[in-house]
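Inspection log for the structure reproduced underneath, given as structure tokens.
Model, not experiment: these values are computed from the prediction. The sequence lines fix the lettering, A, B, ..., with proteins before strands; numbering per chain opens at 1.
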Amino acid sequence: MNPSIMIFKLAKLMHVSVHQIRYFEENGLLPPALTGDNQYRMYGTDEMYRLAHILLLRQLDVAVPQVKRCLEHYIAADDQALLKQSTRTLEQQITDLQVQALQQRIGAIQA
DNA sequence: GTTCTAACA
DNA sequence: TGTTAGGA
């Protein structure tokens with residue numbers, strides 16, 4: 001009964017590509033609310049929130065299969081754990097980049 | 001203009 | 001992930 005929107009509008013709304021939405025569907029992350037006779041996918045508010053959740057996790061570099069598990073049985077602690085893990089990874093990446101920059105400066109001095 | 005599937009880079 | 005094909 002809730003007004004459903006088509007994939008193009010959902011993509012624009014969430015600032016992602018139509019392709020990416022279909023890709024999430026392929027991996028069982030985001031089934032459309034409805035698929036019409038014309039095979040057009042229709043999405044409602046549930047899907048919007050679900051997509052937002054997926055995108056949040058993806059921005060934290062959580063792999064698609066992990067995102068799937070997290071969505072199957074939503075537990076706040078899961079998100080929290082993933083967030084912490086993600087933070088550790090990012091901190092490591094920052095450290096690596098800092099080392100890299102340092103090495104470049106040393107190289108420049110020696111040259 | 002938008003959607004679909006499928007396939008390729 | 002983006003892009004392309006070809007048809008509805």
- Item | Under 3.5 Å donor-acceptor, Arg50(A) side chain and Leu29(A) backbone | yes
- Task: Answer yes or no: is there a donor N or O on one side and an acceptor on the other, between the side chain of Arg88(A) and the main chain of Gln92(A), under 3.5 Å?
- Result: no
To the side chain of [X], which of [options] is closest?
X	options	answer
Arg41(A)	dG2(C), dT2(B), dT5(B)	dT5(B)
Ser17(A)	dT1(C), dG2(C), dT3(B)	dG2(C)
His19(A)	dG2(C), dC4(B), dT3(B)	dG2(C)

- Note on the structure: The residue, Tyr40(A) or Gln20(A), whose nearest nucleotide of DNA chain C is more 5′ is Gln20(A)
Integer-rounded Å distance: [N] [atom2] and [X] [atom1]:
X	N	atom1	atom2	answer
Tyr23(A)	dT1(C)	OH	P	7 Å
Lys12(A)	dT3(B)	NZ	P	10 Å
Ile7(A)	dT2(B)	CD1	P	13 Å
Asn27(A)	dT1(C)	CG	C1'	13 Å
Ile5(A)	dG1(B)	CD1	P	20 Å
Leu10(A)	dT3(B)	CG	P	10 Å
Gln39(A)	dG7(C)	CD	P	18 Å
Ile21(A)	dT2(B)	CD1	P	14 Å

- According to the Watson-Crick and G-U wobble definitions, with both distances under 3.5 Å, which nucleotide is paired to dG1(B)? none
- Task: Apply the test side-chain contact (heavy atoms from CB on, under 4.5 Å) to residues Ile7(A) and Tyr40(A): give CA-CA distance (whole Å), side-chain angles for both, the deciding distance (0.1 Å), then the verdict.
- Result: CA-CA 8 Å; Ile7(A) 198 166; Tyr40(A) 283 17; over 6 Å; no
- Message: Any heavy-atom pair between the side chains of Leu97(A) and Gln100(A) that's under 4.5 Å?
- Response: yes
- Query: Which part of the nucleic acid does Arg22(A) contact within heavy-atom distance under 4.0 Å: base, sugar-phosphate only, or nothing?
  - Reply: base
- Message: For a side-chain contact (heavy atoms from CB on, under 4.5 Å) check, start with the C-alpha distance between Glu47(A) and Met42(A), then their side-chain angles and the critical distance, and finish with the verdict.
- Response: CA-CA 9 Å; Glu47(A) 286 69 40; Met42(A) 298 297 279; over 6 Å; no
